[in-house]
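Here is the structure we will look at.
All chains are named by letter (A, B, ...) in the order of the sequence lines, taking the proteins before the strands, and each is independently numbered beginning at 1. Only this structure's heavy atoms are used, side chains among them; waters, hydrogens and symmetry mates stay out.
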Amino acid sequence: MRLSRYFLPILRETPKEAEIVSHRLMLRAGMIRQQSAGIYSWLPLGQRVLASIGRIVREEQDRAGAIEILMPTIQSAELWRESGRYEDYGLEMLRIEDRHEREMLYGPTNEEMVTEIFRSYVRSYRELPLNLYHIQWKFRDEVRPRFGVMRGREFLMKDAYSFDLDQEGARASYNRMFVAYLRTFDRLGLKAIPMRAESGPIGGDMSHEFIILADTGESQVFSSRRLLDMAVPGEDTDFSADLSPIVDAWTTPYAATEEKHDPAAFERLPESERVSARGIEVGHIFYFGTKYSEPMGAKVAGPDGQMRTVHMGSYGIGVSRLVAAVIEASHDDAGIIWPRNITPFHVGLVNLKPGDKNTDLACETLYARLAKAGVEVLYDDVEARAGAKFATMDLIGLPHQLIVGPKGLERDEVEIKNRRDGSRQNLSPDAAVNWLVAEWR
RNA sequence: CGGGGCGUAGCGCAGUCUGGUAGCGCACCUGCUUUGGGAGCAGGGGGUCGCAAGUUCGAAUCUUGCCGCCCCGACCA
């Protein structure tokens, strides 16, 4: 992509409403535009990151056996009356009336709707386990939206819903999502720690929040250091096998948010193993048994021919929130530092002197060769001063900058700068292409 | 929803107290010079001063009402 043809509205100054670093950087890097309190447009750079995160979430959901669907944003109030939540949900639910004065709502979540789908079609335990998910915009009319997309009113969320014959089956479904989450956050370049969470009316131990550590996190968390160094289950994980050993390993070391914190237990950890930090919740999984299937009549025939109410769980990942969470966890004074799997472009190609024949030719050649090799390049071909170009590249945080100017070219050299550690290497243009292609293949 | 604050050009702000017909920096456009870490000079474009009513010869400025946005708290993916 040529910068001269792209839409990247960089702000040099920080809009005053932005309080936390991710919000500031997202506005400055031209990723989002606020349209109303807690409601944002996603501009090209932001949209690319959002799409990348969605892709990784999808791949890991699919790998774990969940099946993608797409449910609407607007729902009928009737469904929610069945579960009793239409009255319970309160002012956070955005209620709408259509032209026929039918009561509608902008969905804050989809348990009722997915249960309606399930009960309409599934009759037998033989069709279980079933896990349906979608990635869709949700709306919760927060009293006070803040921190940009970290806590907006409209947000993109992956929510999965599992259906099993009994609690034992539900536990296996829960474990599959647990492992999928470990893998998802790892691929996003994040250290996510599963922490025991409030489990609602059902009780038990099947509710975890996945928390990433970031200085600007919203809540205080306490954890064993061991969880930070634990190996994440690999791509070859067999999701049809019993995953409880993995889940057990990840839930044994101490980890709790402030609400569930047990200071005494935490103190028993060796001093060097205690981590007390700020955290951001990026995922939440829980089992809720028959809370919706019972009132809504989601039943299947068991092996004995008797009808049984299915056991359900739901599993959320805040996709749009993750964009901000990643930035909170990965930035410096100059700007964003994208993890390689979700970066909007792989390489920023900087032409230091557009209009100079040699420099233009060298850049065009590099751009074409990298594109041909499948490396995604944002080519800064606009006329601006070197300093401004460097500042922009650092701000938008692409992992590698390929810097090309007349001085270097005289020595047949271009420069590759690593955004994360600031290291630089001077290479011939050929060697630079080879190096970047090897890096991004 | 309680408490606090802010709406003046795309962004950051001054002007409001004490009414006189709108300004600064950045960004944008033109030209010249400059050119490896946010250049300089000169010229230029852009604003129903959040909206509405009122007071006044005259309102960004005073009065009233409304709307929007932000921060702290309670609440939450």
Side-chain angles (χ1 to χ4, degrees), chain A residues 9-20 23-24 27-28 30 33-39 57 89-93 107-110 135-160 181 185 192 197-198 207-212 217-219 257 259 279-286 314-325 333-335 350-356 359 380 382-395 401-411 413-415 417 422 424 426:
Chain A
I10 296 288
L11 301 181
R12 192 163 158 176
E13 284 168 284
T14 304
K16 64 177 172 181
E17 73 266 20
E19 197 67 14
I20 61 168
H23 191 193
R24 286 203 296 265
L27 289 169
R28 288 198 52 215
R33 163 95 187 153
Q34 180 169 326
Q35 302 292 169
S36 184
I39 300 178
V57 167
Y89 216 92
L91 293 171
E92 280 201 358
M93 179 143 76
T109 177
N110 288 68
I135 298 179
Q136 177 63 290
W137 293 93
K138 306 278 189 293
F139 195 94
R140 289 182 196 167
D141 199 0
E142 296 282 346
V143 197
R144 177 144 102 89
R146 61 181 124 176
F147 304 148
V149 298
M150 185 74 84
R151 184 156 168 214
R153 292 194 292 171
E154 189 183 51
F155 54 97
L156 189 62
M157 181 175 175
K158 183 286 298 182
D159 41 327
Y181 276 37
F185 296 124
E198 292 297 337
S207 177
H208 287 88
E209 288 180 4
F210 285 73
I211 305 273
I212 66 164
E218 57 204 329
S219 51
T257 59
E259 303 84 61
I280 300 169
E281 181 183 351
V282 289
H284 194 173
I285 62 178
F286 57 99
S314 77
Y315 315 90
I317 290 181
V319 177
S320 50
R321 161 179 273 202
L322 270 167
V323 178
D333 289 344
V350 180
N351 183 336
L352 286 175
K353 193 161 187 177
D356 176 80
T359 313
D380 178 356
V382 302
E383 279 197 52
R385 306 194 46 105
K389 285 171 177 261
F390 294 141
T392 296
M393 277 299 168
D394 286 350
L395 173 63
Q401 295 169 16
L402 177 54
I403 300 162
V404 182
K407 289 184 188 169
L409 288 174
E410 277 173 25
R411 302 186 306 271
E413 277 181 356
V414 295
E415 181 179 301
K417 175 181 163 184
R424 299 155 186 277
N426 287 300

key: Closest-nucleotide 5' rank along RNA chain B - winner of A/Val282 and A/Ala18   = A/Ala18

What does the list of N/O pairs under 3.5 Å between the protein and nucleotides 2-7 of chain B look like, with a distance for each?
from: B/C6; atom 1: O2'; to: A/Lys16; atom 2: NZ; distance (Å): 3.0

request  = For the pair A/Lys138 and A/Glu154, find out whether any cationic side-chain nitrogen is under 4.0 Å from an anionic carboxylate oxygen.
outcome  = no

request  = Using a 4.0 Å heavy-atom cut-off across all strands, classify A/Gly422 as base, sugar-phosphate, or nothing.
outcome  = nothing

ask   = What does A/Gly387 touch in the nucleic acid at a heavy-atom separation under 4.0 angstrom: a base, only the sugar-phosphate, or nothing?
value = sugar-phosphate

message = I'd like the P distance from B/G25 over to B/A42, given in whole Å.
response = 11 Å

Please tabulate the protein-to-nucleotide N/O contacts below 3.5 Å involving nucleotides 32-34 of chain B, giving atom names and distances.
from: B/U34; atom 1: O2; to: A/Arg385; atom 2: NH1; distance (Å): 2.8

From B/C69, B/G38, B/C26, nucleotide with atom closest to A/Ala37 side chain = B/C69

Side-chain donor-acceptor contact under 3.5 Å, A/His284 with A/Ser314 = no

ask   = Watson-Crick or G-U wobble partner for B/G73, using a 3.5 Å limit on both distances?
value = B/C1

task = For A/Ala391, answer base if it contacts any base atom (sugar-phosphate contacts may also be present), sugar-phosphate if it contacts only those atoms, and nothing otherwise; contact means non-hydrogen atoms under 4.0 Å.
result = base

Nearest-neighbour nucleotide for the A/Arg321 side chain, B/C75, B/A77, B/C11 considered = B/A77

request  = Quickly work out the A/Arg24 CZ to B/C11 C1' distance and round it to whole Å.
outcome  = 15 Å

query = Want to settle it: does A/Arg153 or A/Leu91 sit nearer the 5' end of RNA chain B, counting the closest nucleotide to each?
reply = A/Leu91

query = Base, sugar-phosphate, or nothing: which does A/Ile403 touch, judged by heavy atoms less than 4.0 Å apart?
reply = base

query = Starting at CZ of A/Arg424 and ending at P of B/G36, how long is that distance when rounded to a whole Å?
reply = 14 Å

message = Considering every strand and a 4.0 Å limit on heavy-atom distances, what is the contact class for A/Lys417: base, sugar-phosphate, or nothing?
response = base

ask   = Taking CZ from A/Arg12 and P from B/C13, how many angstroms apart are they, rounded to a whole number?
value = 16 Å

remark   = In whole angstroms, the gap separating P of B/G36 from CZ of A/Arg411 amounts to 14 Å

inquiry  = I need the CD-P distance between A/Glu154 and B/C76, as an integer number of Å.
reply    = 22 Å

task = Output all residues satisfying ring-ring contact (aromatic ring centres under 6.0 Å, His included) with A/Tyr315, sequence neighbours left out; order by chain, then residue number.
result = none

ask   = Side-chain donor or acceptor of A/Arg151 under 3.5 Å from a matching atom on the base of B/C75?
value = yes

inquiry  = Taking any heavy-atom pair under 4.0 Å as a contact, classify A/Gly316: base, sugar-phosphate, or nothing.
reply    = nothing

Partner nucleotide of B/C6 by Watson-Crick or wobble geometry (both distances under 3.5 Å) = B/G68

task = Have a look at A/Gly283 and say if it touches a base, only the backbone sugar-phosphate, or nothing, with a 4.0 Å heavy-atom cut-off.
result = nothing

query = So does A/Ser320 get a side-chain nitrogen or oxygen closer than 4.0 Å to the phosphate oxygens (OP1/OP2) of B/A77?
reply = no

d(CD, A/Glu13; P, B/G10) in whole Å = 14 Å

inquiry  = Regarding A/Asn110 and A/Gln136, do their side chains bring together a donor and an acceptor under 3.5 Å, going by distance alone?
reply    = no

query = Is A/Phe390 stacked on the base of B/G38, meaning ring centres closer than 5.5 Å and planes within 30 degrees of each other?
reply = no

query = What integer distance in Å separates A/Arg28:CZ from B/A27:P?
reply = 13 Å

remark   = Considering only heavy side-chain atoms of A/Glu17, the closest of B/A77, B/G12, B/G37 is B/G12

key: Minimum-distance nucleotide (side-chain atoms of A/Leu352 versus B/G37, B/A77, B/G36)   = B/G36

task = Go ahead and name the base partner of B/A39; Watson-Crick or wobble counts if both distances stay under 3.5 Å, otherwise write none.
result = B/U33

request  = Quick one: label A/Thr392 by what it contacts on the DNA or RNA (base, sugar-phosphate, nothing), any heavy atom closer than 4.0 Å.
outcome  = base

ask   = Is there a Watson-Crick or G-U wobble partner for B/C62 with both distances under 3.5 Å, and if so, which one is it?
value = B/G54

query = Which part of the nucleic acid does A/Asp159 contact within heavy-atom distance under 4.0 Å: base, sugar-phosphate only, or nothing?
reply = nothing

A/Gln34 vs B/C70: side-chain N/O to OP1/OP2 distance below 4.0 Å = yes

request  = Mind running salt bridge (Lys or Arg N to Asp or Glu O under 4.0 Å) on A/Glu413 and A/Arg411 for me, showing each step along the way?
outcome  = CA-CA 5 Å; A/Glu413 277 181 356; A/Arg411 302 186 306 271; 3.3 Å; yes

message = Among residues at least two apart in sequence or on other chains, which ones pass ring-ring contact (aromatic ring centres under 6.0 Å, His included) with A/Phe155?
response = none

note = Applying the 3.5 Å cut-off to both distances, the Watson-Crick or G-U partner of B/G45 turns out to be none

Show the distances under 3.5 angstrom between N or O atoms of the protein and N or O atoms of nucleotides 43-45 of chain B.
none

query = Does the side chain of A/Glu281 come within less than 4.5 Å of A/Ile212's, by heavy atoms?
reply = no

request  = Select base, sugar-phosphate, or nothing to describe what A/Glu209 touches, counting heavy atoms under 4.0 Å on all strands.
outcome  = nothing

ask   = Got a salt bridge between A/Arg424 and A/Glu415, using NZ or NE/NH1/NH2 to carboxylate O under 4.0 Å?
value = yes

Rounded distance in Å - OH (A/Tyr89) to P (B/C76) = 11 Å

inquiry  = Check A/Asp394 with A/Lys417, please: is the shortest side-chain N to carboxylate O separation under 4.0 Å?
reply    = yes

key: Those residues that, when tested against A/Phe147, pass ring-ring contact (aromatic ring centres under 6.0 Å, His included) (two or more places apart)   = none

request  = Just call it for A/Ala388: base, sugar-phosphate, or nothing, with non-hydrogen atoms closer than 4.0 Å on any strand.
outcome  = base

inquiry  = Please confirm whether the shortest side-chain N or O distance from A/Arg146 to OP1 or OP2 of B/C72 is below 4.0 Å.
reply    = yes

ask   = Closer than 4.0 Å, any side-chain N/O of A/Lys407 to the OP1 or OP2 of B/G36?
value = yes

